[in-house]
Peer 1: 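Can you keep this structure in mind? I'll have questions shortly.
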Amino acid sequence: MRSQVRSLGTFDYVVVGAGSAGCVLANRLSADPGTRVLLLEAGGSDRWHWIRIPVGYLYCMGNPRVDWCFSTEIEAGLGDRAIPYPRGRVLGGCSSINGMIYMRGHAADYDHWRQLGNAGWSWDDVLPYFIRAEDHWRADDSMHGQGGEWRVEQARIRWDILDAFRAAAREAGIPPTEDFNRGDNEGCGYFEVNQRQGMRWNAVRGFLDPARRRPNLEVVQDAHVRRVRIEDGRAVGLDLWQGTEAVRVDAANEVILAAGAIGSPQLLELSGVGQPGRLAELGVAPVVDRAAVGENLQDHLQVRLVYRVQGIRTLNETAGTLRGKAAIALQYLLFRRGPMTMAPSQLGCFARSDPDRDAVNLQYHIQPLSLDRFGAPLDPYPAFTASVCNLAPESRGSVHATSPDSRTAPAIRPNYLSAPEDRRVAADAIRLTRRICAQPSLQRYGATEVRPGPTPDDDEGLASAAGAIATSIFHPVGTCHMGRDGVVDERLRVHGVRGLRVADASVMPTITHGNTNAPTMMIAERGADMIRRDARA
């Protein structure tokens, strides 16, 4: 039977997933001309105008052309709702459909990883990797880099309503900031974005395209990995489908999973790495007993509060007419500016849910628009959205395979708001938002809460109201986390399997304080260095 399966050949390194992490890995590993690298992607090309145009995320999320279109299981904390869970299924992965916000997180996030026993992951260890990859608009700044692959620019639009929120935050005791990426992101300011002159800058444009000219790098699309082949305790290759055809590939040195916090644990389980009882239910023969696989899922849950205003412009009325839409399109075509350059959120705010906290634990994404749910029409009145998430949730969920066929979606159970502390923080987040919106800078525009609207002011009443309107902000991490009792060690090697690593957001032991795309790419940068050094040892 083996002779009937087409072989892609033997490569030194096989990387699974051409997303944010996979593109970085492919670039860095193929920089050695003596090393053969294969990059596998289940999706197709990123050459689509809605990927290039920043506001195109509206047409990408939920579109099976570029999105896996996952959904969570029913979530008790969200009022027994299941919610969409977009993940990129295209070259560039989530960097092709995400919100483009550049955010490193707190210095303390990485120091905590080190304190958990993961040597080499402190802030001082990882900062050089962030800087090395950057092509940052700030010149002559030792905290930022220029000339790297990952372009970071200022947003190309401002809104008076966002400036008013920033002023109101200051009146509520939250200071302004000009840079969220110096190790302490407390304050309120405009986000920096991964764009170049008004166009999305994804991992393909930054890392993969420059490397694809190398003869030692091969990129295969429409390649859906079935399992990692493990023989005598070592990863020796992969079985996959290319379309409907069964294909195999051999790995001389290592297989590196970069399929993300959803895909990587699923592939490990289907390869025999996981909790034996769970694997038996799938009909998968256990190879390594590792109960941590698929556990420890963490995500940022956003509570989307909507405020109606008057006497100030928002996108609702601007985009609500054909004339307004035409003006927006013309502004973008002529100047690469205006609403079509918008990330989903333009203004950010990092604050404490209560003043007794040592550090900020809330992140706001402020938008000059409002809608009932993602994909719904904009509301027919001027309004803004103050979306707030708990940056350090205590709730833990899971991702597990549901079928021996890797093309079947896994079960995603975030368990949002299952921890009592998370419910208290959600209640405090609503209270803080109301305090900000009651300040003079917003009340001069008659800011009035529309969603969730009047609610009981006790913790449980507010937490229930939060769960009824909350949704993911799409930052899943932790399902193959680093640690002695985790899935990988501090060098990202899978416990119990030689020649197999995971290098993506799933290895984070705890979630970072902020958007997770930049930290994921840093993990791939650091992982590539570790792989090269171990190969020379």
Side-chain angles (χ1 to χ4, degrees), residues 14-17 19 21-22 42 68 70 72-73 85 87 113 116-118 224-231 233-236 238-240 254-299 395-415 476-511 516 520 523 527:
V14 181
V15 180
V16 179
W68 285 101
F70 292 137
T72 69
E73 302 296 296
Y85 220 69
R87 297 282 88 195
W113 292 4
L116 291 173
N118 300 297
H224 201 124
V225 175
R226 297 166 55 197
R227 67 182 180 110
V228 181
R229 291 198 321 276
I230 301 172
E231 298 177 3
R234 181 176 186 84
V236 297
L238 297 162
D239 293 332
L240 57 141
E254 293 194 26
V255 172
I256 304 114
L257 300 185
I262 308 303
S264 288
Q266 181 190 26
L267 282 176
L268 284 177
E269 289 186 330
L270 298 185
S271 305
V273 181
Q275 200 275 331
R278 184 172 289 114
L279 301 184
E281 292 176 0
L282 295 169
V284 175
V287 176
V288 174
D289 183 349
R290 209 69 194 174
V293 172
E295 296 296 311
N296 193 48
L297 174 64
Q298 299 157 63
D299 190 15
S395 300
R396 295 292 184 268
S398 64
V399 174
H400 291 297
T402 58
S403 164
D405 186 339
S406 64
R407 293 169 295 189
T408 301
I412 303 170
R413 296 184 175 90
N415 290 332
V477 307
T479 50
C480 298
H481 71 280
M482 282 187 280
R484 185 175 295 106
D485 298 323
V487 179
V488 300
D489 66 13
E490 72 278 2
R491 299 191 71 77
L492 309 185
R493 298 171 296 201
V494 174
H495 291 297
V497 184
R498 302 185 307 279
L500 180 61
R501 298 195 206 221
V502 182
D504 57 31
S506 71
V507 306
M508 296 186 194
T510 52
I511 196 167
T516 53
T520 298
I523 288 168

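Just so we're clear, the structure is a prediction, and the values are computed from it rather than from any experiment. We use all heavy atoms of the structure for the numbers below, so side chains are in, but hydrogens, waters and symmetry mates are not.
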Peer 1: Got W113 and E490 here, is their nearest side-chain heavy-atom distance under 4.5 Å?
Peer 2: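 No, their side chains stay 4.5 Å or more apart.
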Peer 1: I need the T402 OG1 to I412 CD1 distance, nearest 0.5 Å.
Peer 2: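 Between atom OG1 of T402 and atom CD1 of I412 there are 10.0 Å.
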Peer 1: Look up atom CD1 in I256 and atom CG in L492, then write down how far apart they are to the nearest 0.5 Å.
Peer 2: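 Here the rounded value is 10.0 Å.
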Peer 1: Please walk me through it: do V273 and I230 pass side chain to side chain contact (heavy atoms under 4.5 Å, CB included)?
Peer 2: CA-CA 10 Å; V273 181; I230 301 172; 3.9 Å; yes
Peer 1: Please check: side-chain N/O of H495 versus main-chain N/O of D485, any donor-acceptor pairing under 3.5 Å?
Peer 2: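 Not a single qualifying donor-acceptor pair exists.
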Peer 1: A side-chain contact here means heavy atoms from C-beta on lying under 4.5 Å apart; do R229 and V255 qualify?
Peer 2: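 Side-chain contact under 4.5 Å: no.
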Peer 1: Please tell me if the side chains of R226 and L270 come closer than 4.5 Å, counting only heavy atoms from C-beta onward.
Peer 2: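 SC-SC contact between R226 and L270 ruled out.
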Peer 1: Under 4.5 Å between any side-chain heavy atoms of M508 and N296, yes or no?
Peer 2: no
Peer 1: If you define the side chain from C-beta out and look only at heavy atoms, does anything of L279 sit under 4.5 Å from E269?
Peer 2: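 Result yes, sub-4.5 Å side-chain heavy-atom pair found.
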Peer 1: Work out which heavy atom in P276 is nearest to a heavy atom in D289; give both atom names and the distance.
Peer 2: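 Residues P276 and D289, closest heavy atoms: CD-OD1, 3.2 Å.
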Peer 1: Strictly distance-based, threshold 3.5 Å: is any side-chain N or O of S271 a donor or acceptor partner for the main-chain N or O of R227?
Peer 2: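 Flag not set: sc S271 to bb R227 has no pair under 3.5 Å.
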Peer 1: Could you tell me which non-hydrogen atom of P265 sits nearest to which non-hydrogen atom of A261, and how far apart they are?
Peer 2: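 Closest approach of P265 to A261: CG-O, 3.3 Å.
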Peer 1: Tell me the closest heavy-atom pair linking V502 and C480, and the distance in Å.
Peer 2: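 That closest heavy-atom pairing would be CG1-CB, 4.3 Å.
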Peer 1: So how far is it from N118 CG to D489 CG, rounded to the nearest 0.5 Å?
Peer 2: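 Between N118 CG and D489 CG, I get 8.5 Å after rounding to 0.5 Å.
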Peer 1: Quick check: closest heavy atoms across L500 and A235, and the distance to 0.1 Å?
Peer 2: CB-CB, 3.9 Å
Peer 1: Does the Q298 side chain pair with the main chain of P509, one donor and one acceptor, at a distance under 3.5 Å?
Peer 2: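 At least one qualifying donor-acceptor pair exists.
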Peer 1: How about R491 and R501: do any of their side-chain heavy atoms sit closer than 4.5 Å?
Peer 2: yes
Peer 1: So, do V228 and L257 sit near enough that their side-chain heavy atoms are less than 4.5 Å apart?
Peer 2: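 They are in side-chain contact.
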Peer 1: The test is side chain to side chain contact (heavy atoms under 4.5 Å, CB included); show your working for V288 and L268 and say whether it passes.
Peer 2: CA-CA 10 Å; V288 174; L268 284 177; over 6 Å; no
Peer 1: Under the 3.5 angstrom rule, does the side chain of T479 hit a backbone N or O of L297 as a donor-acceptor pair?
Peer 2: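 Answer holds: no.
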Peer 1: Can you see which heavy atom on A505 is nearest to which on P476, and at what distance?
Peer 2: CB-O, 3.9 Å
Peer 1: Return the OG1 to CG distance between T72 and N415, rounded to the nearest 0.5 Å.
Peer 2: 10.0 Å
Peer 1: Do you know which two heavy atoms are closest between A258 and A503, and how far apart they sit?
Peer 2: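 Answer, listing the atom of A258 first, then A503: CB-O, 3.9 Å.
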Peer 1: Rounded to the nearest 0.5 Å, what's the gap from NE2 on H481 to CD1 on I511? Could you check?
Peer 2: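 Reported value, rounded in 0.5 Å steps: 14.0 Å.
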Peer 1: Could you tell me if the side chain of I262 sits less than 4.5 Å from the side chain of W68, heavy atoms only?
Peer 2: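 Side-chain contact under 4.5 Å: no.
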Peer 1: Check each of E281, Q275, E295 against H400 using the side-chain hydrogen bond (donor to acceptor under 3.5 Å, both in side chains) test, and report the only one that passes.
Peer 2: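 Exactly one candidate clears the test, E295.
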Peer 1: As a quick check of understanding, evaluate side-chain hydrogen bond (donor to acceptor under 3.5 Å, both in side chains) for S506 and D504, giving each step before the final call.
Peer 2: CA-CA 5 Å; S506 71; D504 57 31; 2.5 Å; yes
Peer 1: Mark yes or no for whether S406, through its side chain, and V225, through its backbone, hold a donor-acceptor pair below 3.5 Å.
Peer 2: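 Pair found, side chain donor or acceptor close to backbone of V225.
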